[in-house]
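Reading through the structure tokens given below for one structure.
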Amino acid sequence: MRTTVGIIGAGPAGLLLARLLHGAGIDSVVLESRDRAYVERRQRAGILEQGTVDVLRAAGAGERMDREGLRHDGIELRFARRRHRVDFPALTGGRSVMVYAQTEVCKDLIALQLADGGPLLFETEALAVEGAGGDRPRLRFRHGGAGGSEDVLECDYVAGCDGFRGVARRAVPDGRTFERTYPFGWLGILADAAPSHDELVYARHDRGFALLSMRSPSVSRLYLQVPADTDAGDWSDEEIWDELERRFETDDDWTLRRGHITQKSVTPMRSHVHEPMRHGRLFLAGDAAHIVPPTGAKGLNLAVGDVVTLARALVHRVATGSEELLDAYSATCLRRVWQAERFSYDLTTLLHRAPGATPFDDRLQVARLDRIASSRAAETDLAEAYTGFPIG
Ligand code: RFL
Ligand code: PHB
């Protein structure tokens with residue numbers, strides 16, 4: 001087997017890269033270790049930045065998103081029993097975000113890819129990237145599970161879009177990793193309940209952080225800060241709702257709508273960046289190269305920025321023979337990645353209660369939130385970062 005770009009992973013990064021290359025007439029093959037149903041159901045991100053929305057539309061993947069996605073013009077910050085709304089368009093010259101789940105983005109991209117004849121191979125695991133430093137990189141892969149058959153895909157370029165636990169990063173020698181783990185995680189639930197507010201609510205409370213999000217007008221997505229080693233099964237449904245109610249409490253008559261909980265899981269929180277994002281003809285994109293804590297809703301959007309930058313560089317190479325943009329790929333992406341790392345870290349430490357936090361730390365958090373609520377400059381900084389940094 002031979003292709004121009006071998007893509008490992010059919011998450012948002014790999015799927016979108018395949019679409020962008022297809023649109024430019026460059027062939028690729030996507031290898032995905034899981035089956036299609038698994039990829040389409042994995043519950044993850046929910047917020048698309050304005051730039052991500054624009055990219056998906058331009059790639060021909062915006063039709064259902066525009067019909068079913070929910071445009072959000074702001075978020076609410078909740079602290080000290082008070083509520084403060086951040087108005088995105090007013091602060092950013094008209095920008096907003098879209099609530100449209102990662103599961104739906106992946107479904108739309110998979111359908112488009114298969115309609116065009118793929119190639120998109122599920123249940124096909126990349127085992128290793130070989131020869132990335134030379135001019136003929138090879139992807140060794142296995143089709144059909146542990147006893148399946150092994151084969152090789154010869155490529156001009158390889159895109160490692162295989163997430164945090166993939167194989168591609170291991171093929172980048174002499175890299176450097178920067179990381180931080182947080183001493184807490186998020187207990188996330190999906191519930192058959194109409195969202196209790198029409199925009200997302202980020203709550204800072206002495207008992208810990210809580211987030212109200214949504215998947216549709218009838219499905220709520222909610223998160224609670226919990227200790228890092230928490231088992232989701234330790235929390236009964238009633239305990240979860242009671243705790244959410246406490247952390248979202250306000251002085252007005254706002255109430256939390258409860259409903260049947262259909263999914264429950266705990267996500268660890270970490271920041272991780274691998275530099276450089278390239279070795280020879282292998283390029284890392286998305287979670288394969290970097291992880292942010294979910295507080296800033298940046299992970300999926302960073303993955304989109306990476307593959308837009310990579311597709312542009314590969315198209316430039318094929319059209320002109322120049323490696324200039326490929327050479328700039330890692331540095332171009334990392335500038336944006338570190339802005340997202342900074343923002344995600346700031347928002348995480350602003351809203352979560354660290355173990356051992358003192359009353360002084362609590363007051364400082366409230367003062368930082370008060371500053372955002374009372375200074376247009378501070379609020380604009382948050383709105384600009386939340387709605388997204390420019391790509392490239
Ligand atoms: P993915 O989505 O992990 O996809 C990688 C794919 O590679 C496959 N794979 C392999 N395939 C073949 N051979 C191998 N050896 C392979 N190894 C792995 C995997 O099966 C998978 O299909 O990475 P990608 O494409 O880089 O996308 C990144 C995003 O998924 C991630 O950043 C976001 O989900 C993060 N995130 C959020 N991002 C946002 O922008 N907004 C949010 O609101 C948001 N909320 C979240 C999140 C992540 C969360 N979790 C669970 C980590 C909320 C949560 C709870
Ligand atoms: C989500 O809806 O899953 C979500 C929304 C905002 C975040 C993180 C996750 O900051």
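As the structure lists them, so they are numbered: ligands from 1, and atoms in each ligand from 1.
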From [options] - option closest to [atom] by heavy atom:
| atom | options | result |
| --- | --- | --- |
| atom 5 (C) of ligand 2 | I47, T348, V99, L190 | I47 |
| atom 7 (C) of ligand 2 | Y386, Y223, Y202 | Y202 |
| atom 33 (C) of ligand 1 | R44, R142, Q102 | Q102 |

Show which atoms of ligand 2 fall inside a sub-4.0 Å distance from at least one heavy-atom site of [X].
| X | result |
| --- | --- |
| T295 | 10 (O) |
| R44 | 3 (O) |
| P294 | 7 (C), 8 (C), 10 (O) |
| L200 | 5 (C), 6 (C) |

**OP:** Could you tell me whether D251 and R82 make a salt bridge, using a distance below 4.0 angstrom between a side-chain N and a carboxylate O?
**Re:** no

Subject >> Residues E123 and R34 bridged, charged N to O under 4.0 Å >> reply: no

**OP:** Identify the protein heavy atom lying closest to atom 38 (N) of ligand 1, giving its residue, its atom name and the separation to 0.1 Å.
**Re:** L300 N, 3.0 Å

Under a 4.0 Å heavy-atom limit, does [X] contact ligand 1 with its side chain, its backbone, both, or neither?
| X | result |
| --- | --- |
| C161 | backbone |
| L302 | neither |
| T267 | side chain |

Subject >> Side-chain donor or acceptor of H352 paired with backbone N/O of A354 under 3.5 Å >> reply: no

Original post:
With no hydrogens and no angle check, is any side-chain donor or acceptor of S196 less than 3.5 Å from a backbone partner on R257?
Top reply: yes

Original post:
Just wondering, more than 12 heavy atoms not from E150 lying within 6.0 Å of its CD?
Top reply: yes

Can you list, pair by pair, the side-chain donor-acceptor contacts under 3.5 Å of residues 344-351, counting residues two or more places apart and other chains?
{"from": "S344", "atom 1": "OG", "to": "A340", "atom 2": "O", "distance (Å)": "2.7"}
{"from": "T348", "atom 1": "OG1", "to": "T295", "atom 2": "OG1", "distance (Å)": "2.8"}
{"from": "T348", "atom 1": "OG1", "to": "S344", "atom 2": "O", "distance (Å)": "2.6"}
{"from": "T349", "atom 1": "OG1", "to": "Y345", "atom 2": "O", "distance (Å)": "2.9"}
{"from": "T349", "atom 1": "OG1", "to": "D346", "atom 2": "O", "distance (Å)": "3.2"}

Subject >> F164: partners by ring pair (Phe, Tyr, Trp, His ring centres under 6.0 Å), with sequence neighbours left out >> reply: H272

Subject >> salt bridge (charged side-chain N to carboxylate O under 4.0 Å, His left out) evaluation trace for R278 with D327 >> reply: CA-CA 9 Å; R278 170 198 191 176; D327 289 343; 2.8 Å; yes

Original post:
Side chain, backbone, both or neither: which part of W186 has a heavy atom under 4.0 Å from ligand 2?
Top reply: side chain

Original post:
Under a 4.0 Å heavy-atom limit, does A297 contact ligand 2 with its side chain, its backbone, both, or neither?
Top reply: both

**OP:** Using non-hydrogen atoms of the residue, decide whether G188 is closer than 4.0 angstrom to ligand 1.
**Re:** no

Original post:
Touching ligand 1 at all, T124? Heavy atoms, strictly under 4.0 Å?
Top reply: yes

**OP:** Please confirm whether F389 and W338 have ring centers closer than 6.0 angstrom.
**Re:** no

